[in-house]
Amino acid sequence: TASCLADKNVITIIAMPLTIREQWENEIRQMEPHAKIIYGGGDGDNWKTQLPVHLAGYRQGTPPTAEERLFVLCSYDAISNDAFVKLFDGIESQFVQVIGDEVHNFAIKKTNAFNIKADRVLGLSATHTRHWDDPGTAEIVNYFGEPVYDFNIQDGINNNFLCHYRYYLHFVNLTDDELNDYREETKKIGMLQGQINEAKRRKTPNLASLQNQLQLAKIIRSQIMKKAENKPATVGNILQQSFAGPNEKAIIFCEDSEQVQHIRLVLKEQNKIFNEFSSKVSPAQKLFALDSFKTTDASRFLLGINCLD
């Protein structure tokens, strides 16, 4: 809809995780059946050959009289690529609009994309705030602006877009090694934060480097908790206690393929039927997994990474 409100010669760049590209393409085809789509990243990647040809007229000051809209559907890696960004050098901003879906994926190392000049920008996210990455969050806000519309979980439930749910916490102990690593990273975070405060006070040139080190330390520390060795065993206990009946269903979200492997063994040990849903399975397998989970009356489990994407 945002694209359709602009003139037809306005180029719409949509950055997104590739896992949701098909959804975007389907939506575009419903609104604009004859739209031209160029892909950046993933299957059909063709921006390196298609975009220069299409942008030539814009760069020469004679934008084409478009009969069909152009959409560029690209990954965050593609839109932040130096060559991609340079293609839009010299293109007047009035002919470009940028949409970022799951906009929190604009990590600080991908903010090169913000050098693309666009009169119209729109960021979409459940939360644009990046955990442990204040500089990245600041760059997102600087480019897209402060939030202009908020539709929270309670709104979704009240309007029947989301289901009611209950939230239960199951605490997991870190191993001795994990706890030691966690403490070391915490000490490093405290030390770096002190150095950053001093660098800001003195306005020294190493501030950006220290901020990057701090971000990395926070990510490493959070990964220790997310990938805790004792989590699969806890999942096994939950399944035995709460999902032992003949008509139980559960979606199990994993942090990475290693965690998937461990929980897969837990499910097999309990003779539970499950399907996997991740970037490592084909689109046909994903559809089968979802359909099987949805339609069967028997117990079924869905195991994967980034399922909600």
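Worth knowing before you read on, the calculation uses all heavy atoms, side chains too, and leaves out hydrogens, waters and symmetry mates.
Heavy-atom contacts from other residues, nucleotides or ligands closer than 6.0 Å to NZ of K249 number more than 12. Atom CG of D297 is surrounded by 12 or fewer heavy atoms from other residues, nucleotides or ligands within 6.0 Å. Applying the 6.0 Å contact sphere to CD of E22 captures no more than 12 heavy atoms from other residues, nucleotides or ligands.
The pair R21-E25 does not count as a salt bridge, with every side-chain nitrogen at least 4.0 angstrom from each carboxylate oxygen. A salt bridge does not link K231 with E255: none of the charged nitrogens is closer than 4.0 Å to a carboxylate oxygen.
Using a distance-only test at 3.5 Å, with no hydrogens or angles considered, a donor-acceptor pair links the side chain of R29 to the main chain of A35. Under the 3.5 Å distance criterion, the side-chain polar atoms of E178 are matched with a main-chain donor or acceptor of E229. Between the K272 side chain and the F243 main chain, a donor and an acceptor come within less than 3.5 Å of each other. Between the Y58 side chain and the N9 main chain, a donor and an acceptor come within less than 3.5 Å of each other. Although no hydrogens or angles enter the test, the distance criterion places no donor-acceptor pair under 3.5 Å between the side chain of D291 and the main chain of L287. A donor-acceptor pair under 3.5 Å is absent between the side-chain atoms of Q50 and the main chain of N46, judged by distance alone. Although no hydrogens or angles enter the test, the distance criterion places a donor-acceptor pair under 3.5 Å between the side chain of Q285 and the main chain of S282. A donor-acceptor distance shorter than 3.5 angstrom exists from the side chain of S80 to the backbone of D77, with no hydrogens or angles considered. Using a distance-only test at 3.5 Å, with no hydrogens or angles considered, no donor-acceptor pair links the side chain of R69 to the main chain of I28. With hydrogens and angles ignored, the 3.5 Å screen pairs a side-chain donor or acceptor of N230 with a backbone N or O of N173.
Taken to the nearest 0.5 Å, the SG atom of C74 stands 10.5 Å off from the CD1 atom of I38. Between the CD atom of E27 and the CD1 atom of I14 there is a distance of 10.0 Å, given to the nearest 0.5 Å. Summarising the geometry, atom NE2 belonging to H34 is positioned 9.0 Å from atom CD belonging to E68; distances are rounded to the nearest 0.5 Å. Atom-to-atom distance recorded for I20:CD1 and N26:CG is 12.0 Å, nearest 0.5 angstrom. To the nearest 0.5 Å, the span separating CD1 on I91 from NZ on K117 amounts to 11.5 Å. Note that CG of L303 and SG of C254 are 4.5 Å apart. Values are rounded to the nearest 0.5 Å.
In this structure the side chain of W47 reaches within 4.5 angstrom of the side chain of L87, judged on heavy atoms. Looking only at side-chain heavy atoms (C-beta outward), I263 and F274 stay at 4.5 Å or farther from each other. A 4.5 Å side-chain heavy-atom check between Q261 and R264 finds at least one atom pair inside the cut-off. No side-chain heavy atom of D181 sits less than 4.5 Å from a side-chain heavy atom of I220. No side-chain heavy atom of Q97 sits under 4.5 Å from any side-chain heavy atom of I11. Using a 4.5 Å heavy-atom threshold, the side chains of I273 and S299 count as separate. Annotation: side chain of K226 is not in contact with side chain of D256 (no heavy-atom distance under 4.5 Å). Side chains of Q193 and L214 form a contact here, defined as non-hydrogen atoms less than 4.5 Å apart.
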_Pair T204-N206, side-chain hydrogen bond (donor to acceptor under 3.5 Å, both in side chains): steps then yes or no_ = CA-CA 6 Å; T204 56; N206 65 334; 2.7 Å; yes
*Check step by step if side-chain hydrogen bond (donor to acceptor under 3.5 Å, both in side chains) holds for R300 and S292.*
CA-CA 8 Å; R300 193 60 50 93; S292 174; 2.3 Å; yes
_Could you go through V260 and I252, starting from their C-alpha distance and side-chain angles, then the distance that decides it, and tell me whether this counts as side-chain contact (heavy atoms from CB on, under 4.5 Å)?_
CA-CA 9 Å; V260 167; I252 304 173; over 6 Å; no
_Run F151 and F161 through side-chain contact (heavy atoms from CB on, under 4.5 Å) and show every step you take._
CA-CA 11 Å; F151 192 84; F161 290 111; 3.9 Å; yes
_side-chain contact (heavy atoms from CB on, under 4.5 Å) assessment of F71 paired with W24_ = CA-CA 10 Å; F71 292 84; W24 269 102; over 6 Å; no
*asked:* Working note: Q195 + E198, criterion side-chain contact (heavy atoms from CB on, under 4.5 Å); need CA distance, chi angles, decisive distance, verdict.
replied: CA-CA 5 Å; Q195 292 176 350; E198 182 67 13; 5.6 Å; no
*Could you walk me through whether Q154 and N158 pass the side-chain hydrogen bond (donor to acceptor under 3.5 Å, both in side chains) test, one step at a time?*
CA-CA 6 Å; Q154 189 62 55; N158 293 342; 2.9 Å; yes
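M225 and L179 fall within a single hydrophobic cluster, where Ile, Leu, Val, Met, Phe, Trp and Tyr side chains are chained together by heavy-atom contacts under 4.5 Å. I153 and Y167 fall within the same hydrophobic cluster, defined by Ile, Leu, Val, Met, Phe, Trp and Tyr side-chain heavy atoms under 4.5 Å apart, directly or through other members. Under the 4.5 Å side-chain contact rule for hydrophobic residues, Y149 and F144 do not share a cluster. When hydrophobic clusters are built by joining Ile, Leu, Val, Met, Phe, Trp and Tyr residues whose side-chain heavy atoms come closer than 4.5 Å, directly or via intermediates, L51 is grouped together with I79. If you chain together hydrophobic residues whose side chains sit under 4.5 Å apart, I116 and Y76 fall into the same group.
For the residue pair I251 and F253, the shortest heavy atom distance occurs at CG2-CZ, 3.7 Å. Of all non-hydrogen atoms in A228 and P232, the two that sit nearest each other are O-CD, 3.9 Å. When every heavy atom of R59 is checked against every heavy atom of K86, the shortest pair comes out as NH2-O, 4.2 Å. The shortest non-hydrogen separation linking E276 to V281 is O-CG2, 4.0 Å. Residue D119 comes nearest to S93 through the heavy atom pair OD1-OG, 2.6 Å, listed as atom of the first residue, atom of the second, then distance. Across every non-hydrogen atom of C163 and I157, the tightest pair is O-CG1, 3.8 Å.
Considering K187, K188, R183 in turn, K188 is the only one that fulfils the salt bridge (Lys or Arg N to Asp or Glu O under 4.0 Å) rule with E185.
A parallel orientation is assigned to the rings of F114 and Y143, their planes being inclined by less than 30° (bins at 30° and 60°). Ring pair F88/F84 is tilted by interplanar angle, where 30° to 60° counts as tilted.
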